[in-house]
Trainee: 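Structure provided below as structure tokens; questions to follow.
The basis for the numbers below is simple: all heavy atoms, side chains too, and nothing from hydrogens, waters or symmetry mates.
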Amino acid sequence: MILDSVPPNASLGSILHARAVAATPMRLVLNIVVGAGVAAAAAWAHKFWWITATCAGLCVAFYGVWAFAERRLETGPDVMSQTEETGLSILRVGAALAGLAAALIFTFSLVSVLLGTWIS
């Protein structure tokens, strides 16, 4: 299991890195496709929880993009050009920031939906 290779006091970044390296490329493609599909369907439907569902799908999709860039950068700089390495680094940081923003919006929108009109 992936968590067996990660020390018990590992950070979230270390755990995500271990999962990204251990995941198959097909699984990462599935993350991107399903996450983007859920986000698109929720945004199109505009039902009650649409912001929450859209952000959840975006989190999954951006994780897949980040993991692809992380896996490619793991191969090392000797097999890729400087331009490719820079582009992948920018993609990795951009996907991480976008995923973090989607996670924060997901969290606050979930709290908002769960509280509803309870506090008024």
Trainee: If you look at every heavy atom in Ala20 and Leu28, which pair is closest and at what distance?
Mentor: O-CD1, 4.5 Å
Trainee: Any side-chain heavy atom of Glu70 within less than 4.5 Å of one from Arg19?
Mentor: no
Trainee: Has the side chain of Thr107 got a donor or acceptor atom that lies under 3.5 Å from a matching backbone atom of Ala103?
Mentor: yes
Trainee: Let's go through Leu110 and Trp49 carefully: what are the C-alpha distance in whole Å and the side-chain angles of both, what is the deciding distance for side chain to side chain contact (heavy atoms under 4.5 Å, CB included) to 0.1 Å, and is it a yes or a no?
Mentor: CA-CA 8 Å; Leu110 182 64; Trp49 285 42; 3.7 Å; yes
Trainee: Considering non-hydrogen atoms only, spot the tightest contact between Phe68 and Pro25 and give its length.
Mentor: CZ-O, 3.6 Å
Trainee: Can you measure from CD (Glu84) to OG (Ser89) and round to the nearest 0.5 angstrom?
Mentor: 10.5 Å
Trainee: Mind checking whether Val111 and Phe48 sit in one hydrophobic cluster, side chains of I, L, V, M, F, W, Y counted as touching below 4.5 Å?
Mentor: no
Trainee: Are Ile51 and Ile105 side-chain neighbours, meaning at least one heavy-atom pair lies under 4.5 Å?
Mentor: yes
Trainee: Linking I/L/V/M/F/W/Y whenever their side-chain heavy atoms sit closer than 4.5 Å, directly or via other members, would Leu30 and Val33 fall into one cluster?
Mentor: no
Trainee: Which distance, rounded to the nearest 0.5 Å, do you find between the CE of Met80 and the OG1 of Thr86?
Mentor: 10.0 Å
Trainee: So Leu16 and Trp66, do their side chains get closer than 4.5 Å, heavy atoms only?
Mentor: yes
Trainee: Shared ILVMFWY cluster between Tyr63 and Leu12, side chains joined below 4.5 angstrom?
Mentor: yes
Trainee: Contact between Val65 and Arg92 at the side-chain level, heavy atoms closer than 4.5 Å - yes or no?
Mentor: no
Trainee: Under 4.5 Å between side-chain heavy atoms, counting indirect links through other Ile/Leu/Val/Met/Phe/Trp/Tyr residues: same cluster for Leu58 and Leu100 or not?
Mentor: no
Trainee: List the atom of Ala69, the atom of Leu88, and the distance in Å for their closest heavy-atom pair.
Mentor: CB-O, 3.8 Å
Trainee: Using every non-hydrogen atom in the two residues, find where Gly64 and Asn31 come nearest and quote the distance to one decimal.
Mentor: CA-CB, 4.2 Å
Trainee: Which pair of non-hydrogen atoms, one from Val21 and one from Arg71, has the smallest distance, and what is that distance?
Mentor: O-NH1, 2.9 Å
Trainee: Looking at every heavy atom in both Trp50 and Ala43, which two are closest together, and how far apart are they?
Mentor: CE3-CA, 3.8 Å
Trainee: Would you say Ile15 and Phe62 are hydrophobically clustered, going by side-chain heavy atoms of ILVMFWY under 4.5 Å?
Mentor: no
Trainee: Assess, by modelled atom type and distance only, whether the side chains of Ser14 and Ser11 contain a donor and an acceptor separated by less than 3.5 Å.
Mentor: yes
